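Before any comments, here is the structure.
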Amino acid sequence: MSAPAPTLPAKLRPLAPVSWKTPIMLSVIGLLSLVFFGFAGSEQTATFGISTGGDVFTLPDLVVPGIATGIVLGLGMCVLAGYSIFLAREHRPTPGWVPMVFAALFIFAFLVWVVSGARTPQISLAGLIAGSVTLAVPLVFGSLSGVLCERAGVVNIAIEGQLLGGAFSAAIIASVTGSPMLGLLAAAVAGALVSVVLAIFSIKYLVNQIIVGVVLNVLVSGITGFLFTTVMQEDPELYNSPGRLPVIDIPGLSAIPIIGPILFRQSIVGYLMYIAVAAVWIGLFKTRWGLRVRAVGEHPKAADTLGIKVNTTRFVNVVLGGAIAGIGGSFFTLVAIDSFTKEISGGRGFIALAAVIFGRWNPIGAFFAALLFGFADNLQSILTIIGTPVPSQFMAMLPYVVTVFAVAGLVGKSRAPAADGEPYVKG
Amino acid sequence: MSQSELSPGAPPPTHANTINEQQHGIWVRITQGPGLVSVLAVFVALVLGGLLIAATDAKVATTAGYLFSRPSDFFSALWAAGTDSYVSLFQGSIYNSRQGFAPFLETLTVSTPLICAGLGVALAFRAGLFNIGAQGQIIIGSIMAAYAGFAWHLPFGIHLLVVIFMGVLGGAVWGGLVGLLKARTGAHEVILTIMFNYVALYFLDFLLNTKAFQRPGETNPISPILDPSAVFPALPGSRLHLGFVMAIGLTILVAWILNRSTIGFEFRAVGANPAAARTAGVNVARSTILVMAIAGALAGAAGVAQVAGTEQVLTAGIAASLGFDAITVALLGRSTPWGTFFAGLLFGAFRAGAVTMQISTGTPIDIVLVVQSLIVLFIAAPPLVRAMFGLNRKSKNKPPKTPKHAAPAPAAPASQGGGA
């Protein structure tokens with residue numbers, strides 16, 4: 001997609017292949033938003049609370065009229081779509097910031113639309129965002145596990161099992177030892193153990209990775225369900241009362257409106273999430289180790305030729321990923337609620353998988369994708385409370401629909417590592 | 001797994017000159033072939049499941065306390081804990097002295113949707129596609145079938161046929177959509193089907209809260225009961241319904257499609273090597289869409305079996321975990337139609353018996369999930385099972401390294417087919 005040589009006259013320029021997907025998608029969504037969120041919007045005003053009680057300085061509530069805001073934001077989206085069409089006509093690709101700004105406008109327009117149409121058109125923006133981050137924590141850990149495995153060329157469908165295994169072990173070990181920190185450690189070990197099975201079967205015995213992943217989810221669900229009934233329910237005092245990890249408040253910083261609670265008022269698991277995202281990103285893209293991992297995931301034969309031990313690298317990555325997902329699982333039993341129940345992970349491993357793909361196999365991309373899905377999850381429950389016309393089930397569907405669009409290449413293009421899912425046999 | 005039938009685990013012995021080598025070849029064929037490994041895999045899984053039951057048994061724990069002073073107590077408690085559960089599992093699924101063979105009829109009932117959906121997964125496997133989406137296809141199938149069953153009032157006979165048609169159509173559309181997206185955009189079917197499952201699940205949840213689907217005067221998300229003309233006739237005194245005959249018919253149909261029809265040959269060709277199939281003139285895109293639609297239709301039939309047979313009403317849990325069980329059924333059945341049929345019967349027996357087992361011995365139903373997934377894991381890794389029983393050593397002396405390289409062959413190509 002390089003720019004054509006300037007010396008050639010316009011008619012002789014080689015026509016670069018141009019994709020009309022993005023402009024068309026943007027135009028359709030833009031026009032629909034203009035009509036639905038703007039002209040067909042609600043006449044009420046939407047109120048967004050920004051500050052919460054403990055903040056150092058108080059920002060006024062954001063009050064916006066429903067229809068006018070919808071029209072302005074819709075027009076903004078249409079302008080961006082027009083710019084994209086203009087670029088496509090010039091045989092130039094749409095730059096990355098256009099869909100991003102577009103998405104931000106869309107989300108805000110949607111938010112104004114649903115809130116202004118609700119029975120009580122008022123929500124706390126700070127609460128919405130803080131809640132989204134909280135709900136996103138297990139998704140972020142799960143998606144990091146997915147990124148680590150898939151970058152090395154092993155498909156990880158077993159994220160759900162790793163989360164569930166982590167949640168269970170965290171609960172039982174923290175209950176028995178009385179130390180949530182040991183529970184956290186046990187969660188990592190359990191996640192890693194699930195991963196070891198995945199690694200042994202898919203790398204050593206060359207069993208199809210998707211089969212192993214699917215079966216492992218069932219296995220972990222069975223074992224934890226069995227032990228929950230036979231062990232935990234027999235004596236919940238002893239085996240299923242782990243206690244919570246304390247929320248660590250960083251004085252001063254945590255009082256900043258909106259970002260304070262997100263960044264500086266978290267449990268250890270929450271802080272570990274930020275550290276893990278940064279560490280995995282730096283590890284994968286800034287170190288020699290990461291270069292090797294990516295080489296193994298893209299072209300194992302070439303990597304092998306250069307002396308990288310392909311299967312050892314994969315094994316290490318899969319186990320490491322499992323440990324990270326396990327920590328994410330501890331969120332359910334040590335942070336969110338302080339007990340384990342059957343299927344407590346509730347399919348979030350699959351949303352994490354969606355976040356891996358939507359985030360284009362990049363830790364930071366996956367992080368933001370997980371945040372978006374956490375946002376959708378949280379918005380769904382808030383909308384049920386304030387009473388909106390949108391059925392909550394459609395909000396719950398959102399992550400999955402968005403992922404279908406992403407993998408189908410309708411919004412941008414997400415490409416898996418080339419050797420993802422293919423076992424490597426030397427020789 | 002799609003290849004397991006085309007290339008059996010062990011390579012045929014190439015130079016059978018002496019009698020000794022011939023005998024060795026037979027030995028290899030018995031021990032490396034899929035039959036023995038399947039039996040051993042089921043055995044090992046049952047033993048491990050029994051150990052898990054025993055490990056949480058109170059009596060085993062107390063006798064373990066004085067293991068060294070009186071080991072016989074410990075071992076008899078261990079044996080009792082493991083076998084009691086399995087005996088009641090058998091009594092709840094096949095035969096017991098009180099009810100005779102009535103439990104077996106329940107097994108057949110439970111197996112019906114498993115077989116139908118398992119056939120869908122198996123068919124897709126053979127075409128190199130991973131249909132994780134049976135769950136969603138069952139849900140959409142049940143929605144359509146149930147709606148036709150309680151909202152339309154048609155004459156006897158025609159009504160049931162319409163219900164079946166609608167259910168099958170629903171599954172086919174939901175599956176075909178995945179095939180279409182894969183063929184058009186190259187998106188991976190595993191991701192698509194997983195996402196489609198959840199979309200279907202929430203869609204069902206939404207519908208059950210609308211006027212059109214919710215039973216009048218009911219606040220719970222549950223549909224009206226299907227018309228008597230819309231349900232499968234049942235065998236008096238049991239829940240077994242005509243849907244089981246449909247499952248047998250579908251097994252025969254899938255066997256015919258795969259082994260006798262042109263389209264089935266194309267499916268298998270695409271599954272074995274999409275590039276070669278394309279070169280040979282197979283329309284791979286059309287084949288992908290078609291196989292996913294048929295797979296969806298089969299899962300839709302499982303949905304019909306649920307709403308028009310076993311449950312006769314649409315609820316949020318109509319598909320239970322059938323879609324995921326169907327994957328294990330297809331894997332255990334090695335993706336052949338009759339293999340899937342019998343695997344469906346086996347897992348149906350587990351399901352049916354587990355209810356009795358939970359009541360009489362207190363062993364949670366979840367043990368079935370454990371045994372089921374262990375079976376599939378072991379079947380997928382024949383070298384592991386052979387190593388457990390020391391069957392690898394014998395053949396290692398003769399042709400060095402053969403088992404190591406030959407054995408993984410069945411599992412390897414499926415992933416390439418799926419990834420392409």
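Bear in mind the structure is a predicted one, so any value in this text is a computation, not a measurement. Every chain is numbered from 1, with letters handed out A, B, ... down the list of sequences.
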Is chain B contacted by the side chain of [X], its backbone, both, or neither, given a heavy-atom distance below 4.5 Å?
| X | answer |
| --- | --- |
| A:I351 | neither |
| A:F394 | side chain |
| A:V214 | side chain |
| A:F350 | both |
| A:I157 | side chain |

So, taking the atom named CD in B:Q135 and the one named CD1 in B:I132, what distance separates them when rounded to the nearest 0.5 Å?
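It comes to 11.5 Å.
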
B:Q372 side, atom CD; B:T328 side, atom OG1 - distance, nearest 0.5 Å:
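Between B:Q372 CD and B:T328 OG1, I get 4.0 Å after rounding to 0.5 Å.
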
Leading residue by heavy atom contact count with chain A [cutoff under 4.5 Å; candidates [options]]:
| options | answer |
| --- | --- |
| B:L201, B:L377, B:V368 | B:L377 |
| B:A55, B:A187, B:P364 | B:P364 |
| B:I365, B:L52, B:T210 | B:L52 |
| B:V376, B:L369, B:V371 | B:L369 |

Interchain contact, [X] with chain A, by part (heavy-atom threshold 4.5 Å):
| X | answer |
| --- | --- |
| B:I367 | both |
| B:I191 | side chain |
| B:V190 | side chain |
| B:N209 | side chain |
| B:I53 | both |
| B:I327 | side chain |

Do B:N131 and B:Q137 pair up side chain to side chain, a donor and an acceptor below 3.5 Å, judged on atom types alone?
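Side-chain D/A pair, B:N131 to B:Q137: present.
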
If we ignore angles and hydrogens, is there a donor and acceptor under 3.5 Å between the side chains of A:Q162 and A:S145?
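Distance-only check passes for A:Q162 and A:S145.
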
Verdict with supporting geometry, B:T363 and B:Q358, side chain to side chain donor-acceptor pair (under 3.5 Å):
CA-CA 5 Å; B:T363 310; B:Q358 184 162 30; over 6 Å; no

Under a 3.5 Å distance rule, please check whether A:S202 uses its side chain to pair with a backbone N or O of A:Q209 as donor and acceptor.
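Looks like no, no N/O pair under 3.5 Å.
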
Centre-to-centre under 6.0 Å for B:F130 and B:F125, is that the case here?
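Between B:F125 and B:F130, which both carry aromatic rings, the centre distance is below 6.0 Å.
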
As an exercise: rank A:I200, A:V155, A:T224, A:I210 by heavy-atom pairs under 4.5 Å with chain B and give me the winner.
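Heavy-atom pair counts peak at A:I210.
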
Among A:V215, A:V197, A:L398, which residue forms the greatest number of heavy-atom pairs with chain B at distances under 4.5 Å?
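Looking at each option in turn, the highest pair count goes to A:V215.
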
Test side-chain contact (heavy atoms from CB on, under 4.5 Å) on A:Q393 and B:F203; report intermediate values, then the result.
CA-CA 7 Å; A:Q393 290 90 352; B:F203 187 57; over 6 Å; no

Geometric class of the B:Y198/A:Y400 ring pair [parallel <30°, tilted 30-60°, perpendicular >60°]
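Correct class here is parallel.
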
For the pair A:Y205 and A:F201, name the ring-plane relationship: parallel under 30°, tilted 30 to 60°, perpendicular over 60°.
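The rings of A:Y205 and A:F201 sit tilted, inter-plane angle from 30° to 60°.
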
Between A:D304 and A:Y424, is the side chain to side chain donor-acceptor pair (under 3.5 Å) condition met? List the steps.
CA-CA 10 Å; A:D304 194 12; A:Y424 182 70; 2.7 Å; yes

